[in-house]
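Before any comments, here is the structure.
Values below: all heavy atoms of this structure, side chains included; hydrogens, waters and symmetry mates excluded. In what follows, chains carry the letters A, B, and so on, assigned in the order in which the sequence lines appear, proteins first and then strands, with residues in each chain numbered from 1.
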Amino acid sequence: MTERDELRESREQKLEQLLALGLPALPNRFGPTRHSAEIKDQYEALEGSVVRVAGRVMARRLMGKAAFAHILDAGGQIQLYFKLDVLGPEQFEYFKLLDLGDLIGAEGTVFKTRTGEVSIQVQNLVLLAKALLPLPEKFHGLSDIETRYRQRYLDLIANDETREIFRIRTAAVRGIRRYLDCLGFVEVETPILQPVYGGAAATPFTTHYNAFDTTVYLRIADELYLKRLIVGGMERVYEISKDFRNEGVSWKHSNEFTMLEFYQAYADYNDIMAEVEDMLSTVAQSVLGTTRVSFRGHEVDLSPPWQRVSIADALRRWADLDIESIEDLGALQEEAARRGVQVAPDTKRGVVIEELVGALVEPHLIEPTFLIDFPVDFPGSLLAKRKAGRPDIAERFEPYIAGMELGNGFTELNEPKDQLRRMQELNHETGENHAEVDWDYIRALEHGMPPTGGVGIGIDRFAMVLAGVDSIRETVLFPPMRPRETPRAES
RNA sequence: GGGGGUGUAGCUCAGCCGGUAGAGCAUCGGACUUUUAAUCCGUGUGUCGUGGGUUCGAGUCCCACCGCCCUCACCA
């Protein structure tokens, strides 16, 4: 028999012994009156009063005729004090049959121990659920990354920092909704299963729609649907959506991720940038109590205004390269190569510039910065409108924090002919794995879309910034993992 | 997909030049009525990721495979 089986058997035996005492156990309902954090925060008001708490046994210290335990609930940990005199022999025996990891309910009086820790002197105790498997070690916790992700519940039980990351993430999403709702934005839901995918540059997941016997794609963005709603007169819409991209994973890419997109009629990209910087700093302030964050080894301040740097200025400043004076593609490729940026000979101008920006500019964008005014022939500029008087420049921006791109926004292209031509050109160039032209979207534009500004923000990445973690997987409760044979639970 | 790293007890880790696998915590038994990484006495613990190979002998060396991490590539 393995050690694990022995542990399980011992715990099952103790459960039977406990049940044999005939005291209440394993009720269908318990009904705690307080969380641990509340009791600690409001100690003065609660001292001496009776409370009911419930949680998981995290530590146990038996001392003959008395004992201490810590339980963990959604508000953190609180200490329980068990005394033979108070509980009586039967209930004290009941307590002694508990294991680390068991879920218990307790009723007792709030007091402070000699060392000043807020505790509960327990008068009544009930086992709510038995843990047949042992908890990770109490001092070092659980640090194996694979186990932390595959069995996230253990990570949440064992590691305070993990609970804090997800508190931050949830609070941030709530803050974003509150912010947009206050500005009159309407939250909507658009299709996840799409017959034509679009709105971003990515390979989709493909599946089959039985009812229509057609191929559909899991959305890579919701942009094109949200702008149809702008055409429909909704004026201010947003969606917080799970998007899916069938591509490689990295510290900042997850195949399944959460994106905020919002669109505002009669606005341009300057309006949207002002809202983005205000929204993100407002949310940081409400979630963390400060706009200063520590991320990827940098201390940065999210307070507005953020810097705005055009692509041309950025390359002049950090790459000593004036792209506006270099018209010849070959010359530009040479200049790129001289700066250590190698591109294939047939690479388009926009892509060469994109490579230059990635290699030479991004690392400098430490303080919150909007990179603005991208060349129109960037693939990523497909849905962005040309600048007035500068048909070669798209009114597009990307927010950066500590060198990481957080999103992508523009003055939306609302001219159907230009949009169609650009989609067809791109379609022609990209060959395999390209999106089809979305004719239904073109038709929507032909009905007239007001001048509109919009943006997509990676929520997981914003959570990384707020929580100060270096991997997107730390901000996703169940990050995608390669399937693995898991041991079946014994019945 | 390429390169690098890693996988040993439930958890956190050690294991030298190839010679019968170790510690702490957890577990189990005992003492202890304000402890808190409780303490003290005693006790048990293994598919060394999987499969091959070399060897008298492999956790250790070699090969392949698997998982995970980092990195590069891919990424309208």
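In this structure, G67(B) forms a base pair with U6(B), meeting either the Watson-Crick or the G-U wobble geometry with both donor-acceptor distances under 3.5 Å. Pair check for G1(B) finds C72(B); Watson-Crick or G-U wobble, both atom distances under 3.5 Å. A 3.5 Å limit on both hydrogen-bonding distances identifies C11(B) as the Watson-Crick or G-U partner of G24(B). Across all strands shown, C16(B) has no partner, as no Watson-Crick or G-U wobble contact with both distances under 3.5 Å is found.
For L382(A), the listed nucleotide lying nearest its side chain is A76(B); candidates were C75(B), U27(B), A76(B). Of the listed nucleotides (U12(B), G67(B), C70(B)), U12(B) has the atom at the smallest distance from the side chain of H140(A). Considering only side-chain atoms of F68(A), the nucleotide from A76(B), U35(B), C75(B) that sits closest is U35(B). When distances are taken from the side chain of S143(A) to each of A76(B), U35(B), U12(B), the shortest belongs to U12(B). Looking at the side chain of M481(A), the nearest of the listed nucleotides C28(B), U34(B), C68(B) is C68(B). For L100(A), whose side chain is taken as the heavy atoms from C-beta onward, the closest listed nucleotide among U34(B), U27(B), C68(B) is U27(B). When each of A76(B), C70(B), U27(B) is scored by its nearest atom to the side-chain atoms of A201(A), the top-ranked nucleotide is A76(B).
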Q: With side-chain contact (heavy atoms from CB on, under 4.5 Å) as the test, would you mind laying out the steps for I323(A) and R349(A) before giving the verdict?
A: CA-CA 10 Å; I323(A) 49 168; R349(A) 181 182 174 85; 4.2 Å; yes
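The interatomic distance linking Q123(A) (CD) with U33(B) (C1') rounds to 16 Å, in whole Å. Taking atom CG on L135(A) and atom P on C25(B), their separation rounds to 17 Å, with Å as the unit. Between F478(A) atom CZ and C68(B) atom P the separation is 17 Å, expressed in whole Å. Rounded to whole Å, the distance from CG on L142(A) to C1' on C13(B) is 14 Å. Taking atom CD of residue E247(A) and atom P of nucleotide C74(B), one finds them 11 Å apart after rounding to whole Å. Distance, Q79(A) CD to A38(B) C1': 11 Å, rounded to whole Å. C68(B) atom C1' lies 13 Å from atom CD of E474(A), rounded to whole Å. Straight-line distance from the CE atom of M63(A) to the P atom of U35(B): 7 Å, rounded to whole Å.
Nucleotides C32(B) and G46(B) place their C1' atoms 34 Å apart, quoted to the nearest Å. Taking atom P on both nucleotides, A58(B) is separated from U50(B) by 15 Å, rounded to a whole Å. Rounded to a whole angstrom, the distance from the C1' atom of G53(B) to that of G15(B) is 24 Å. Between C16(B) and C61(B), the distance separating the two C1' atoms is 15 Å to the nearest Å. Comparing the same atom, P, in U60(B) and in G52(B) gives a spacing of 14 Å after rounding to whole Å. Straight-line distance between the C1' atoms of C17(B) and G59(B): roughly 15 Å, to the nearest whole Å. Distance check on atom P: C40(B) versus A26(B) gives 12 Å, rounded to whole Å. For the C1' atoms, the distance linking G10(B) with U45(B) amounts to 10 Å, nearest Å.
The shortest heavy-atom contact between E436(A) and V196(A) is O-CG1, 3.8 Å. Across every non-hydrogen atom of F68(A) and F95(A), the tightest pair is O-CZ, 4.4 Å. F295(A) approaches V469(A) most closely through the heavy-atom pair CE1-O, 3.2 Å. Pairing each heavy atom of I272(A) with each of G454(A), the nearest pair is CG1-N, 3.6 Å.
Nucleic acid contact class of F111(A) (heavy atoms, under 4.0 Å, all strands): base. Within the 4.0 angstrom heavy-atom criterion, base atoms lie near D85(A). As judged by a 4.0 angstrom heavy-atom cut-off over every strand, L62(A) is placed among the base-contacting residues. As judged by a 4.0 angstrom heavy-atom cut-off over every strand, K14(A) is placed among residues touching the sugar-phosphate backbone only. At the heavy-atom level, A67(A) lies nowhere under 4.0 Å from the strands shown. Among the atoms of the strands shown, none is found under 4.0 Å from any heavy atom of L84(A).
Not one side-chain nitrogen or oxygen of R422(A) sits closer than 4.0 Å to the OP1 or OP2 atom of A76(B). Within the structure, a side-chain polar atom (N or O) of R482(A) is placed less than 4.0 Å from OP1 or OP2 of G67(B). The phosphate of C68(B) has neither OP1 nor OP2 within less than 4.0 Å of any side-chain N or O from R473(A). Note on T113(A): every side-chain N or O is 4.0 Å or more away from OP1 and OP2 of U35(B). At A26(B), one or more side-chain N or O atoms of K138(A) fall inside 4.0 Å of OP1 or OP2 (strictly under the cut-off). For the OP1/OP2 pair of U39(B) and a distance below 4.0 Å, the side-chain nitrogens and oxygens of R61(A) include no atom meeting the criterion.
Side-chain atoms of Q77(A) and S36(A) form no donor-acceptor pair, as typed in the model, at a separation below 3.5 Å.
F166(A) does not carry R169(A) over the face of its six-membered ring by the limits of under 6.0 Å from the centre and within 45° of the normal.
Within the 4.5 Å cutoff, side-chain heavy atoms of L413(A) are placed close to those of R422(A).
Classification of the H364(A)-W318(A) ring pair by plane angle, with boundaries at 30° and 60°, yields parallel.
The glycosidic torsion of C13(B) lies more than 90° away from 0, placing the base in the anti range.
Residue whose closest nucleotide on RNA chain B sits further toward the 5' end, between P136(A) and G248(A): P136(A).
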